[in-house]
Amino acid sequence: TEEAQRAEFALDLALRGRRVAVVSSGDPGVFAMASVVLEAAARHERFTDVPVHVVPGITAAQAVASLAGAPLGHDYVVLSLSDRLKPWDVIARRLQAAAAGDFAIAIYNPASRSRRQQLADARDLLLAHRDAQTPVVIGRAVGTPDQSVTVTTLGELDPEQVDMRCLLIVG
């Protein structure tokens with residue numbers, strides 16, 4: 001919850017002549033720090049002349065998909081279930097549209113310690129459009145020594161087994 005302060009701190013160090021790298025997991029431009037740094041740079045006039053370069057990485061969706069076969073081999077949608085920056089009704093509407101459009105869906109930020117209900121609600125929204133046997137891939141901590149990949153179904157998806165280190169792919 002301190003991303004904005006972290007970004008401003010990095011920009012302030014750069015403004016004072018330091019070489020700075022803001023590191024985040026996955027691709028910094030996909031639900032990560034690049035947008036936070038760029039927004040902070042745009043919001044504060046003192047950072048106008050601080051150059052910001054975004055170095056792409058591998059997204060969590062790509063990393064999980066590579067371990068599960070090719071679940072994103074066709075059209076797909078990327079969504080975050082975090083309602084910290086956008087209202088749940090917007091997330092729910094987008095999720096319903098993706099499900100109705102028969103897209104594979106990569107779900108970021110599925111659950112946290114304080115956000116436990118969103119994934120259960122999302123599962124119920126998806127079940128209104130998808131069969132209970134729809135495959136779901138749960139990639140946890142992919143790219144680390146603790147990584148795991150579990151394949152289940154939408155009907156069997158247990159939100160209690162999912163946390164912020166997970167990315168879900170709904171087939």
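We count residues from 1, following the sequence as given.
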Common cluster, Leu95/Val137, ILVMFWY with side-chain heavy-atom separation under 4.5 Å:
no

May I ask you to check whether over 12 heavy atoms, not counting those of Asp49, lie within 6.0 Å of atom CG?
no

Taking the side chain as everything from C-beta on, heavy atoms only, tell me whether Asp27 gets closer than 4.5 Å to Ile58.
no

Could you tell me the separation between the CD atom of Gln117 and the CG atom of Asp124, rounded to the nearest 0.5 Å?
8.0 Å

What's the shortest heavy-atom distance between Leu125 and Gln96, and which atoms?
CD2-NE2, 3.2 Å

Could you walk me through whether Leu38 and Val54 pass side-chain contact (heavy atoms from CB on, under 4.5 Å), step by step?
CA-CA 9 Å; Leu38 291 167; Val54 178; 4.3 Å; yes

To check you understand the geometry: which heavy-atom pair defines the closest contact between Ala32 and Val36, and what is its length?
O-CG2, 3.9 Å

Test side-chain contact (heavy atoms from CB on, under 4.5 Å) applied to Ile138 and Val151, step by step:
CA-CA 6 Å; Ile138 304 169; Val151 179; over 6 Å; no

To the nearest 0.5 Å, atom CD of Glu39 lies from atom CE of Met33 at 10.0 Å

Determine which pairs satisfy ring-ring contact (aromatic ring centres under 6.0 Å, His included) with at least one residue from residues 85-139, sequence neighbours left out, and list them in order.
Phe31-Tyr108

Rounded at 0.5 Å granularity, tell me how far CZ in Arg46 sits from CG in Leu15.
7.5 Å

Under the side-chain contact (heavy atoms from CB on, under 4.5 Å) rule, what do Gln147 and Arg165 come out as? Steps first, then yes or no, please.
CA-CA 9 Å; Gln147 82 178 13; Arg165 297 190 73 198; over 6 Å; no

How long is the gap from OG1 on Thr150 to CD on Gln161, to the nearest 0.5 Å?
8.5 Å

Can you confirm whether the side chains of Gln62 and Thr59 place a donor and an acceptor under 3.5 Å from each other?
yes

Once rounded to the nearest 0.5 Å, what's the spacing between atom CG of Asp89 and atom CZ of Arg94?
10.0 Å

Could you check whether any side-chain heavy atom of Arg140 comes within less than 4.5 Å of a side-chain heavy atom of Asp163, counting everything from C-beta outward?
yes

Is any side-chain heavy atom of Val37 closer than 4.5 Å to one of Glu3?
no

Quick one: do Tyr76 and Ile105 end up in the same hydrophobic cluster if we chain Ile, Leu, Val, Met, Phe, Trp and Tyr together by side-chain heavy atoms under 4.5 Å apart?
no

4.5 Å side-chain heavy-atom contact, Arg115 and Met164
yes

Considering only heavy atoms from C-beta outward, does the side chain of Val52 approach that of Leu11 to under 4.5 Å?
yes

For residues 11-25, which residue pairs qualify under salt bridge (charged side-chain N to carboxylate O under 4.0 Å, His left out), counting only residues two or more places apart or in two chains?
Asp12-Arg16

Shortest non-hydrogen contact between Ser24 and Arg6, atoms and distance
N-NH2, 4.4 Å

Would you say the side chain of Val136 lies within less than 4.5 Å of the side chain of Leu126, judging by non-hydrogen atoms?
no

Is there a path from Val78 to Val142 through hydrophobic residues (I, L, V, M, F, W, Y) whose side chains come within less than 4.5 Å of each other?
yes

To the nearest 0.5 Å, tell me how far Cys166 SG sits from Asn109 CG.
11.0 Å

Any non-hydrogen side-chain atom of Thr153 less than 4.5 Å from a side-chain atom of Thr134?
no

Is there a continuous path of hydrophobic side-chain contacts, each under 4.5 Å between heavy atoms, that joins Val149 to Val170?
no

Please report the closest heavy-atom contact between Arg130 and Gly171, naming both atoms and the distance.
NH1-O, 2.6 Å

Within the 4.5 Å heavy-atom criterion, are Leu167 and Ile107 side-chain neighbours or not?
no

Do you reckon Leu154 sits in the same ILVMFWY cluster as Leu119, going by side-chain contacts under 4.5 Å, direct or chained?
yes

Looking at every heavy atom in both Gly139 and Val64, which two are closest together, and how far apart are they?
CA-CG2, 3.9 Å

Would you name the heavy atoms of Leu79 and Val77 that are closest together and state the gap between them?
CG-CG1, 3.8 Å

